[in-house]
A.B. asks: 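Structure in structure tokens, see below.
This structure is a prediction, so every number in the text was calculated from the model and none was measured. A, B, ... follow the sequence lines: proteins, then strands. Residue 1 opens every chain.
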Amino acid sequence: MSESLDTYLRKTEHETSPPQGKQSRREWIKEKSLTDKLSRAYLLSATYDGARASAVLKFYEPSAGRIYHWYDNTGHKPYCLTSLPPEELKKIPKLMDNEGLDHFERVEKIDPFENRANQVTKIVAHDPLSIGGKPTGSIRDIIPYARPDDPALKVWEADIKYYESFIYDQGIEMGMPYRLEGGKIFSLEDADKPSGRLAGQIEEIFAAETSEFRNYIRKWVHLLECPVPALKFVALDIEVDPSEEARIPDPTEAMQTVTCVSWVTSDGLKRVVLLRREGVEEGEGKLPEGTQIKYYDDEVELLSEVLDILASYPLVVTFNGDQFDLRYISHRAQRLGIQRDDIPIEMGREFTLLTYGIHLDLYRLFFNRSLQVYAFDQKYRENTLEAVASAILGRGKIKFDGSISQLPYTELAVYCLRDSELTYGLAAYDDHLTLKLTIVLARLAKMPVEDVIRQGVSNWIRSMMYAEHRQRNILIPTSKEILERKGETGTHAMIKGKKYRGAVVIEPTPGVNFNIIVLDFSSLYPSIIKHWNLSYETIRCPHEECRENRIPETSHWVCRKQQGITSLLIGSLKDLRVKWYKVKSKDETFPKETRSWYSIVQRTLKVLLNASYGVFGAEHFGLYCPPVAEATASIGRYDITSTIKKAQELGISVIYGDTDSVFLKSPSDKQIQQLIDWTKEALGMDLDVDKVYRYAVFSTRKKNYIGVYPNGNVDIKGLTGKKRNTPEFLKAAFNEMIGTLSEVKSENEFFEAKGRIKGIVKDCYTKLKRHEYSLEELAFTVVMSKAISSYDKTTPQHVKAVKVLPDEEQRRVGAGSVIQYVKTKREPGVKLAATASPDEIDVGKYVEHIQTTFKQVLDALDISFNEIIGISKLESFI
DNA sequence: GCGGACTGCTTACCT
DNA sequence: ACAGGTAAGCAGTCCGCG
């Protein structure tokens with residue numbers, strides 16, 4: 001063992017490998033991770049251990065920075081539910097002969113549709129796979145097969161992962177602190193109750209709500225007020241010799257040598273290990289100060305050190321480690337003869353997990369669309385380490401020319417270490433925002449952090465709702481059952497192929513308008529879900545007397561007798577966000593750390609709330625219920641249309657509106673207040689002043705406008721000049737025009753501004769004609785959303801540009817690649833920017849692009865594009 | 001054989 | 001594997017045109 005390795009192993013305070021020859025490392029890890037006493041440890045993960053046939057919880061103990069495993073000893077077992085009584089089940093030989101079957105139990109469950117208790121049979125098994133998951137002979141498949149003609153036969157809750165079932169049944173609080181003693185775990189809820197003053201304040205805010213609603217608020221507050229400890233973690237990255245072909249190494253084959261591995265830890269260590277190879281030069285790369293570097297002659301020894309790290313850190317963070325780094329390490333180690341049982345990596349089909357600690361693949365987290373948009377404010381557009389890190393950390397990967405196999409040692413080390421540093425930065429920046437956000441989601445979704453990071457918003461909401469059902473002893477219905485009872489949709493979508501009609505967009509009034517007030521319904525859809533008691537069980541409820549409680553513009557009605565689960569869950573989360581976390585995150589009387597925590601909480605809630613309506617219209621969602629989605633959208637249309645009508649009655653002119661907003665032209669304070677009061681009274685909805693524009697510019701196009709704030713800041717929505725595929729020369733000219741507009745303070749100043757804008761457009765046109773723009777400036781930048789071969793219906797321009805490349809170069813362009821191309825005169829009309837020359841450019845096409853980009857604004861200013869161009873044509877003659 | 005009207009595909013955006 | 005609505009540009013098809 002090297003000296004430097006010894007240094008950091010002392011820091012981790014426990015050994016990483018078993019005594020020589022005693023037992024396999026994975027078994028040894030499991031034993032070493034057991035404890036019978038912990039005063040405070042945070043539950044981060046759960047899984048199922050097949051060998052021990054029980055659920056395992058993984059706790060993080062902050063003072064030692066260690067993970068401890070707790071094996072369930074409560075006797076909880078996998079099960080599913082069925083409508084068949086035990087005596088009928090006993091008549092099914094295949095079931096009775098099933099080796100996994102343990103026993104039957106008669107249990108009472110509340111039927112969510114009828115809201116009454118029912119007897120069902122619980123089929124308990126020895127192991128999860130016997131319930132469902134075996135290719136043939138799983139219990140969940142045997143039962144319906146045995147009774148094919150029985151339409152009333154039902155099997156429920158058979159497709160929930162076992163550890164999820166365990167979490168839900170036991171009310172396990174993911175992400176929360178626990179005490180462990182005498183083999184039992186105890187929630188530390190009393191120690192973490194918000195201070196009396198705070199709890200009192202929150203109680204006061206919700207005093208008018210029902211006691212059921214207030215109970216939900218208390219549950220959320222308990223989960224969301226509890227702080228997150230500092231986490232010890234390592235970020236890791238590997239490099240592989242691409243050797244002969246310049247293809248991406250295959251992690252399941254793992255044919256190529258691992259040449260370099262680097263890692264950066266939360267306790268300040270930076271280390272690079274390199275493999276000595278023939279003909280590689282030392283190099284002149286400069287590693288950051290304090291970086292440890294070690295050369296190995298033997299790849300097995302190098303990998304052993306890496307496996308030690310993976311066996312000793314509680315949290316391992318990678319960027320694409322699921323698909324590449326950890327997978328490659330595992331297969332490579334096996335290929336080189338290391339025993340499978342000595343590799344502390346657990347491989348699934350899509351995930352790669354760790355035997356000891358927890359692996360978080362940040363690629364999957366940053367790839368999540370909901371988080372990208374709502375948690376990270378669309379700061380990055382592509383899902384590469386380079387793009388995400390540059391946007392968030394302001395620092396990108398190391399660039400070099402040629403192949404990675406040609407890099408000298410120190411250059412390779414610097415390159416590899418940078419990737420680890422960036423990955424580390426993505427986990428650590430902004431006071432560990434990424435990790436905290438993950439833990440908040442784990443608490444709300446009742447899901448292990450590893451699953452949170454790898455799954456989408458529909459699974460978070462599914463898990464949150466399933467847990468709620470189990471806690472209230474409500475039977476979780478199957479998707480099929482919901483669909484049969486509640487049916488499909490009835491409205492007609494505007495877009496072909498969509499299931500139902502969505503939001504309305506108001507035709508804008510073209511032109512420039514000063515003093516624009518934008519009002520919007522705060523959290524429109526969650527508010528509707530709360531106010532209208534929407535949920536899969538309450539919509540189209542079985543009660544005759546509820547049928548008159550109609551949803552506008554649809555044939556749906558909603559229950560008046562029973563409070564809907566979705567309505568309660570989403571309603572309480574929404575109110576808590578709006579009335580507590582959002583306001584208090586800006587309250588200067590709170591300490592800075594509290595405000596920053598509140599800001600993370602409110603952003604996380606926003607992610608969940610924004611998706612809460614959409615999931616009901618998503619077929620793969622566990623509680624898919626199209627009428628709920630359709631009703632929500634329909635009420636939204638009703639609310640905004642009647643608000644606009646009311647505004648007009650009040651004498652306010654409405655310039656524009658989209659989904660949940662109305663743009664009003666110079667309304668008086670009194671008029672605004674009247675409208676707000678009316679929506680509260682008539683619709684039960686909160687309408688707020690969202691933005692005030694000094695002036696706004698509209699063309700005839702929807703979802704297209706410029707809004708200038710009193711301080712000169714500018715909102716640009718939907719305009720071509722802002723889109724990321726627009727060539728730089730157009731973006732630059734467009735921004736120049738925006739700069740001019742931001743300085744306009746009154747209608748009088750517009751005259752001069754128009755003159756300057758004409759100048760900007762004309763200048764852009766002239767420069768184009770004179771070939772003064774470089775190819776980079778002229779390039780369109782388009783993301784290829786799928787593999788080249790999948791473009792079988794049409795061949796878009798960016799694909800055309802790639803298709804002229806030789807095959808081996810084409811193969812390197814896959815889904816997610818960014819293509820830069822210019823438009824050329826000769827067939828096929830496009831060429832990659834890097835391969836084109838300035839004289840091939842199709843100037844005429846580019847003039848059309850100048851026109852569309854600026855027309856969106858010129859129209860509103862009453863300026864004609866041709867007039868501008870005409871002038872310049874005249875000048876070019878002189 | 002060619003051009004205009006049309007539909008469909010694709011990307012990027014808005015709420 | 002949240003949803004639907006809009007803009008823009010191009011690809012591909014159909015039809016009329018003696």
A.B. asks: What's A:Val783 touching, base or sugar-phosphate or nothing? Going by heavy atoms closer than 4.0 Å.
C.D. replies: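 Since only primed, P, OP1 and OP2 atoms lie under 4.0 Å of A:Val783, the category is sugar-phosphate.
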A.B. asks: Angle, rounded to 10°, between the helical axes spanning five pairs at each terminus of the helix from B:dG1-C:dC17 to B:dT15-C:dA3?
C.D. replies: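 Answer for the end axes of this duplex: 10°.
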A.B. asks: For A:Ile461 and C:dA1, what is the distance between atoms CD1 and C1' respectively, to the nearest whole Å?
C.D. replies: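 Going from CD1 in A:Ile461 over to C1' in C:dA1 covers 13 Å.
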A.B. asks: Step through it carefully: locate the ring centre of A:Phe376, locate the ring centre of A:Phe366, and say whether they are under 6.0 Å apart.
C.D. replies: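 When the ring centroids of A:Phe376 and A:Phe366 are compared, they turn out to be within the sub-6.0 Å range.
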A.B. asks: Choose from B:dA12, B:dT10, C:dG5 the nucleotide whose nearest atom is closest to any side-chain atom of A:Met494.
C.D. replies: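 So the side chain of A:Met494 is nearest to C:dG5.
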A.B. asks: Near A:Lys582 NZ, under 6.0 Å, is it more than 12 heavy atoms from other residues, nucleotides or ligands?
C.D. replies: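 Atom NZ in A:Lys582 is not packed in, count stays at 12 or less.
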A.B. asks: Base, sugar-phosphate alone, or nothing: which one does A:Gln455 contact when heavy atoms must sit under 4.0 Å apart?
C.D. replies: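 A:Gln455: backbone/sugar contact only, no base atoms under 4.0 Å.
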A.B. asks: Kindly indicate whether a cation-pi arrangement holds for A:Lys786 with A:Tyr791, taking the cut-offs as under 6.0 Å to the six-membered ring centre and within 45° of the axis.
C.D. replies: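 Yes - A:Lys786 lies over the ring of A:Tyr791, closer than 6.0 Å to its centre and within 45° of its axis.
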A.B. asks: Can you confirm whether or not the ring centre of A:Phe698 sits under 6.0 Å from the ring centre of A:Phe663?
C.D. replies: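 So the answer is yes for these two rings.
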A.B. asks: Between A:Tyr693 and A:Tyr709, is the ring centroid distance below 6.0 Å?
C.D. replies: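 That pair passes the under 6.0 Å test.
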A.B. asks: Return no unless some side-chain N or O of A:Arg701 is found under 4.0 Å from OP1 or OP2 of C:dA8.
C.D. replies: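 Yes, because at least one side-chain N or O of A:Arg701 sits under 4.0 Å from OP1 or OP2 of C:dA8.
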A.B. asks: Any side-chain heavy atom of A:Lys823 sitting closer than 4.5 Å to one from A:Glu848?
C.D. replies: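 SC-SC contact between A:Lys823 and A:Glu848 ruled out.
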A.B. asks: Using only side-chain N and O atoms of A:Lys823, determine if any of them is under 4.0 Å from OP1 or OP2 of C:dC10.
C.D. replies: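 Yes, such a contact exists.
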A.B. asks: Looking only at side-chain N and O atoms, does A:His798 come under 4.0 Å of OP1 or OP2 in B:dT10?
C.D. replies: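 No, because none of the side-chain N or O atoms of A:His798 sits under 4.0 Å from OP1 or OP2 of B:dT10.
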A.B. asks: Using nucleotides 11-14 of chain C, report all nitrogen or oxygen pairs with the protein that are shorter than 3.5 Å.
C.D. replies:
| unit_1 | atom_1 | unit_2 | atom_2 | d |
| --- | --- | --- | --- | --- |
| C:dA11 | OP1 | A:Lys800 | NZ | 2.5 |

A.B. asks: Is there a side chain to side chain contact (heavy atoms under 4.5 Å, CB included) between A:Asp660 and A:Ile640 once you walk through the steps?
C.D. replies: CA-CA 6 Å; A:Asp660 60 357; A:Ile640 191 172; 5.8 Å; no
A.B. asks: Got more than 12 heavy atoms from elsewhere within 6.0 Å of OH, A:Tyr638?
C.D. replies: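 For A:Tyr638, atom OH is not crowded (no more than 12 foreign heavy atoms under 6.0 Å).
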A.B. asks: Answer yes or no: are there more than 12 heavy-atom neighbours, outside A:Lys855 itself, under 6.0 Å from its atom NZ?
C.D. replies: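 12 or below, so no.
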A.B. asks: If you only use heavy atoms from C-beta on, which nucleotide in B:dT7, B:dA12, C:dG9 is closest to the side chain of A:Lys496?
C.D. replies: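 My answer, after comparing the listed nucleotides, is B:dT7.
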A.B. asks: In terms of ring plane angle, is the pair A:Phe854 and A:Phe734 parallel, tilted or perpendicular, where the classes change at 30° and 60°?
C.D. replies: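 The arrangement is tilted - the two ring planes meet at 30° to 60°.
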A.B. asks: Counting only heavy atoms and a strict 4.0 angstrom limit, can you tell me which residues of residues 606-618 of chain A come near DNA chain C?
C.D. replies: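 Residues of residues 606-618 of chain A that come under 4.0 Å of DNA chain C are, in numerical order, A:Ala611, A:Gly614, A:Val615, A:Gly617, A:Ala618.
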A.B. asks: Closer than 3.5 angstrom, by distance alone: can the side chain of A:Glu736 be matched with the main-chain N or O of A:Ile760 as a donor-acceptor pair?
C.D. replies: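 No, because the side chain of A:Glu736 does not come within donor-acceptor range (under 3.5 Å) of the backbone of A:Ile760.
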A.B. asks: What is the distance, rounded to the nearest whole Å, between atom CD of A:Glu619 and atom P of C:dA3?
C.D. replies: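 In whole Å, C:dA3 P and A:Glu619 CD are 9 Å from each other.
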A.B. asks: Quick one: list whatever passes side-chain hydrogen bond (donor to acceptor under 3.5 Å, both in side chains) with A:Tyr536, sequence neighbours left out.
C.D. replies: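 Checked A:Tyr536 against side-chain hydrogen bond (donor to acceptor under 3.5 Å, both in side chains); matches are A:His469.
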A.B. asks: Specify the separation, in whole Å, of atom CE of A:Met465 and atom P of C:dC2.
C.D. replies: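 These atoms are roughly 16 Å apart.
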A.B. asks: Polar atom pairs between nucleotides 13-15 of chain B and protein, under 3.5 Å, N or O only, would you list them?
C.D. replies:
| unit_1 | atom_1 | unit_2 | atom_2 | d |
| --- | --- | --- | --- | --- |
| B:dC13 | OP1 | A:Arg381 | NH1 | 3.4 |
| B:dC13 | OP1 | A:Arg724 | N | 2.9 |
| B:dC13 | OP2 | A:Arg381 | NH1 | 3.2 |
| B:dC13 | OP2 | A:Arg724 | NH1 | 2.8 |
| B:dC14 | OP1 | A:Gly718 | N | 3.1 |
| B:dC14 | OP1 | A:Lys722 | NZ | 3.3 |
| B:dC14 | O2 | A:Lys703 | NZ | 2.9 |
| B:dT15 | OP1 | A:Tyr705 | OH | 3.2 |
| B:dT15 | O3' | A:Asp658 | O | 3.3 |
| B:dT15 | O3' | A:Asp660 | OD1 | 2.2 |
| B:dT15 | O3' | A:Asp660 | OD2 | 3.3 |

A.B. asks: Return the value, rounded to whole Å, for the distance between atom CG of A:Leu524 and atom P of C:dA3.
C.D. replies: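 Checked: the CG to P distance equals 18 Å.
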A.B. asks: Round to the nearest Å and state the distance from A:Met784 atom CE to B:dC9 atom P.
C.D. replies: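 Between P of B:dC9 and CE of A:Met784: 19 Å.
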A.B. asks: Looking at the side chain of A:Gln856, which of C:dG5, C:dA8, B:dT10 is the nearest nucleotide?
C.D. replies: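 For A:Gln856, the side-chain atoms sit closest to C:dA8.
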A.B. asks: Ring centres of A:Phe319 and A:Phe367 under 6.0 Å apart?
C.D. replies: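 Distance test on ring centres: not under 6.0 Å, no.
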A.B. asks: Output all residues satisfying side-chain hydrogen bond (donor to acceptor under 3.5 Å, both in side chains) with A:Glu481, sequence neighbours left out; order by chain, then residue number.
C.D. replies: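 Scan of A:Glu481 (side-chain hydrogen bond (donor to acceptor under 3.5 Å, both in side chains), adjacent residues dropped) gives A:Trp156.
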A.B. asks: Which class fits the ring pair A:Tyr613 and A:Tyr525: parallel under 30°, tilted 30 to 60°, perpendicular over 60°?
C.D. replies: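 Taking A:Tyr525 first and then A:Tyr613, their aromatic rings sit tilted (interplane angle of 30° to 60°).
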A.B. asks: Contact class for A:Ala629 (heavy atom, under 4.0 Å): base, sugar-phosphate, or nothing?
C.D. replies: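 No contact at all - A:Ala629 keeps every heavy atom at 4.0 Å or more from the nucleic acid.
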A.B. asks: What nucleotide, of B:dG8, C:dG5, B:dT11, holds the atom closest to the side chain of A:Tyr791?
C.D. replies: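 Minimum distance to the A:Tyr791 side chain belongs to B:dT11.
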A.B. asks: Within the structure shown, what part of the strands sits under 4.0 Å from A:Arg364 by heavy-atom distance: base, sugar-phosphate, or nothing?
C.D. replies: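 No contact.
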A.B. asks: Rounded to whole Å, how long is the line connecting atom CZ of A:Arg501 with atom C1' of C:dT6?
C.D. replies: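 Taking CZ of A:Arg501 and C1' of C:dT6, I get 14 Å after rounding.
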